[in-house]
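Please read the structure below before turning to the comments.
In what follows, chains are A, B, ... by sequence order, proteins preceding strands, each numbered from 1.
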2 protein chains.
Amino acid sequence: LDTSATLWWDSHKDCLCYIEQTLLPGEYRIIECRDVDRLATAIRRLEIRGAPALGVAGAYGVALAARTSPHTDFSKVMTGVRQAAELLRSTRPTAINLGWGIDRVLKGLAAARTSDEVRTISLREAENIAAEDTACCHAIGGHGAALLPDRCTVLTHCNAGALACSSWGTALGVIRSAIEAGKDVKVFSCETRPLLQGARLTAWELARDGIDVTVITDSMAAHFMRAGAIDAVIVGADRITHDAVFNKIGTYTHAVTARYHKIPFYVAAPLSTFDAERNERDVVIEERAREEITIMGNRTYVTDSAKVKNPAFDATPMELVTAIITEKGVLRQPIDTRSHLSFCKSH
Amino acid sequence: LDTSATLWWDSHKDCLCYIEQTLLPGEYRIIECRDVDRLATAIRRLEIRGAPALGVAGAYGVALAARTSPHTDFSKVMTGVRQAAELLRSTRPTAINLGWGIDRVLKGLAAARTSDEVRTISLREAENIAAEDTACCHAIGGHGAALLPDRCTVLTHCNAGALACSSWGTALGVIRSAIEAGKDVKVFSCETRPLLQGARLTAWELARDGIDVTVITDSMAAHFMRAGAIDAVIVGADRITHDAVFNKIGTYTHAVTARYHKIPFYVAAPLSTFDAERNERDVVIEERAREEITIMGNRTYVTDSAKVKNPAFDATPMELVTAIITEKGVLRQPIDTRSHLSFCKSH
């Protein structure tokens with residue numbers, strides 16, 4: 001099974017490398033990024049996406065700012081690093097991991113006293129975050145694999161896979177770990193409109209691993225649940241507040257229909273996704289461009305005189321979540337992310 | 001409000017004319033069809049689609065076969081007509097109206113004794129069906145309009161509009177009639193993957209009428225229901241058995257999520273859509289081509305090594321339907337399409 005990374009630091013070239021995800025599955029291209037502005041554009045354009053990967057990208061972005069600074073003076077380097085951090089933070093408002101990764105490197109930089117230390121510490125911290133993310137995904141995979149029957153078909157939405165993390169994946173990490181443990185797991189991948197991450201990315205990375213994957217439109221999920229074809233739903237998360245799971249638009253629908261069909265609905269996410277001090281109402285849902293919905297390939301599908309709405313995420317209230325699979329263990333109902341905070345933070 | 005037809009007989013040119021719906025909204029093109037094979041292709045390609053429109057197209061198709069027959073001998077003309085009828089019937093297995101329209105013209109032809117009578121009676125019967133369909137839509141509109149609040153936002157799926165009928169529409173007919181009656185009705189149109197009839201057709205025909213329409217992905221419907229933005233769901237139907245409503249894939253999801261959010265879920269359909277002697281298990285759901293899901297515009301979105309499923313319809317069990325709006329009145333819960341058969345057939 002795939003253990004390759006979706007983004008990594010190339011120490012020979014001293015630059016950040018990543019798979020340009022908007023080109024998949026047609027083209028597999030590695031981008032060498034040497035510029036924070038370019039990285040910010042890449043995040044906005046979803047060349048890099050997925051909550052855990054955004055945390056790693058934010059961390060590497062701070063390191064990139066430090067290592068490409070034209071200055072030698074410590075305070076000037078730090079000023080540039082902080083500006084870069086704010087630029088990167090502003091690119092995606094909903095995913096919490098982005099800010100988390102940025103802040104963790106900034107916090108690490110509190111120990112830096114020279115511009116050389118800024119360059120060294122920022123990269124070391126980013127590398128740690130990437131390595132921890134991979135370890136995290138394997139831990140999530142292990143905890144989650146135990147929840148799945150020996151033979152089952154899992155429905156997933158969007159891409160919470162190796163492409164969304166430093167590697168292995170969260171929701172897809174659970175599937176990979178279950179298969180590694182000898183279970184027979186098939187996957188239904190919802191295409192995930194509007195940007196089709198399920199069709200483009202999840203199907204691609206699972207098929208590459210030889211995992212049995214079937215792409216369906218988002219609107220077919222309930223039909224196949226009713227037909228008895230789905231044994232569990234597993235999705236990732238962009239932010240988990242006290243009362244809700246924010247994830248790709250369409251997730252909430254699967255949670256409601258899974259409940260109706262008495263199918264377990266699991267969320268697989270690292271603790272860095274938790275924002276348990278906040279509530280759903282505190283979170284801004286990113287509204288993305290009209291063209292993501294109206295244009296595909298070379299064709300326009302909606303008349304100019306119709307309106308369009310394009311929220312990138314929705315909120316699933318905690319009562320619809322069967323369990324949250326974290327790297328430290330499984331949070332079951334009644335899920336109280338705040339009361340689990342001590343458990344989360346202390347481990 | 002729009003009263004134009006989506007398909008009609010041009011008596012000067014002696015041919016069937018229709019709007020080529022696969023080109024909308026980019027191009028508005030009228031096709032002049034003089035050939036049953038071409039019509040069969042048009043139905044298969046969804047150049048003409050929508051359950052009531054298929055009934056009208058089937059009827060006109062039989063007339064077209066009669067009027068373009070190279071024969072003068074009565075029995076030879078009738079043989080050709082019957083072959084054409086079976087060809088047309090085979091194009092779409094799930095929509096019942098297609099066969100219904102074909103059979104009604106064939107039944108009318110029982111009175112024909114000469115090849116001239118075949119030509120005349122078939123066209124007259126098809127014209128009657130088209131005119132009745134329009135009247136039907138207005139009657140459905142009137143009955144349905146009374147169900148809507150004075151100010152409301154209605155969610156719809158696929159296109160059950162003027163483009164799906166001879167004119168006015170079933171689900172969209174209800175909306176048009178409500179607006180004509182002075183109600184303030186806004187519409188959320190689900191784009192309806194894979195073929196985007198909601199994005200391409202419903203948004204186009206409503207915007208052309210000046211009706212406030214917002215396109216969303218299918219996966220957003222439940223999110224907006226939860227936000228309180230949707231007051232009712234109205235969809236059309238391709239076939240209504242004793243126990244279920246068959247309609248475009250994705251309809252069932254809206255029925256489940258509407259029930260969860262305590263939002264009424266209405267089906268608007270003429271009685272010709274009823275197949276009350278059959279049950280859900282008797283109906284074959286058309287499985288359409290992989291490419292409808294994997295290719296859009298000039299781009300392929302799914303790796304060749306992933307499987308795809310593409311059922312064109314789903315079944316919504318009757319208990320999730322708040323009411324069925326027909327031309328003869330509103331069937332409310334407990335909906336028993338068989339016990340209403342006398343009501344249906346006698347009116």
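- The shortest non-hydrogen separation linking A:V215 to B:I293 is CG1-CG2, 4.4 Å.
- Annotation for B:R278: atom CZ does not count as buried by contact number, only 12 or fewer foreign heavy atoms lying within 6.0 Å.
- Between chain A and the options B:Y260, B:W204, B:F188, heavy-atom pairs under 4.5 Å are most frequent for B:Y260.
- Taking the ring axis of A:Y252 as reference, the NZ or CZ atom of B:R226 stays within 45° of it and closer than 6.0 Å to the ring centre.
- Residue A:L196 touches chain B through its side chain alone, counting heavy-atom pairs closer than 4.5 Å.
- With a threshold of 4.5 angstrom between heavy atoms, B:A315 approaches chain A through its backbone and through its side chain.
- Residue contact with chain B, scored on non-hydrogen atoms closer than 4.5 Å, involves the backbone and the side chain of A:S305 alike.
- Considering only heavy-atom pairs separated by less than 4.5 Å from chain B, the leading option among A:H157, A:M225, A:H261 is A:H261.
- No part of A:L206 comes within reach of chain B, as not one of its non-hydrogen atoms sits under 4.5 angstrom from that chain.
- Between B:M220 atom CE and A:D314 atom CG the span is 9.5 Å, to the nearest 0.5 Å.
- Counting all heavy atoms, side chain and backbone alike, B:A306 lies closest to A:A207 at N-CB, 4.4 Å.
- Heavy-atom distances place both the backbone and the side chain of A:Y301 under 4.5 Å from chain B.
- Looking at A:L23, the atoms closer than 4.5 Å to chain B (heavy atoms on both sides) all sit in the backbone: N, CA, C or O.
- Atoms NZ and NE2, on A:K309 and B:H223 in that order, are 9.0 Å from each other to the nearest 0.5 Å.
- In terms of heavy-atom pairs under 4.5 angstrom with chain B, the leader among A:R193, A:R200, A:K248 is A:R193.
- For chain B, the nearby part of A:D212 is the side chain; its heavy atoms alone come within less than 4.5 Å.
- Counting heavy-atom pairs under 4.5 Å between each of A:S189, A:A221, A:P317 and chain B puts A:P317 at the top.
- Among the candidates A:T253, A:V256, A:D218, the single residue satisfying the side chain to side chain contact (heavy atoms under 4.5 Å, CB included) test with B:T253 is A:T253.
- Neither the backbone nor the side chain of A:A255 has a heavy atom closer than 4.5 Å to any heavy atom of chain B.
- Highest contact tally toward chain B, considering only A:P194, A:G198, A:P311, is held by A:P311 [criterion: heavy-atom pairs under 4.5 Å].
- Between atom CG of residue B:L24 and atom OG1 of residue A:T303 there is a gap of 9.5 Å, rounded to the nearest 0.5 Å.
- Your options are A:I216, A:V308, A:D304, and the one with the most heavy-atom pairs under 4.5 Å with chain B is A:V308.
- B:R299 contributes no side-chain N or O that, together with a main-chain N or O of A:G26, makes up a donor-acceptor pair within less than 3.5 Å.
- Of the listed residues A:T300, A:V187, A:L320, A:T251, the one with more heavy-atom pairs under 4.5 angstrom with chain B than any other is A:L320.
- If you measure heavy-atom distances from A:H254 to chain B, you find no contacts under 4.5 Å at all.
- Here the straight-line distance linking atom CD of A:E191 with atom OG of B:S219 works out to 9.0 Å at 0.5 Å rounding.
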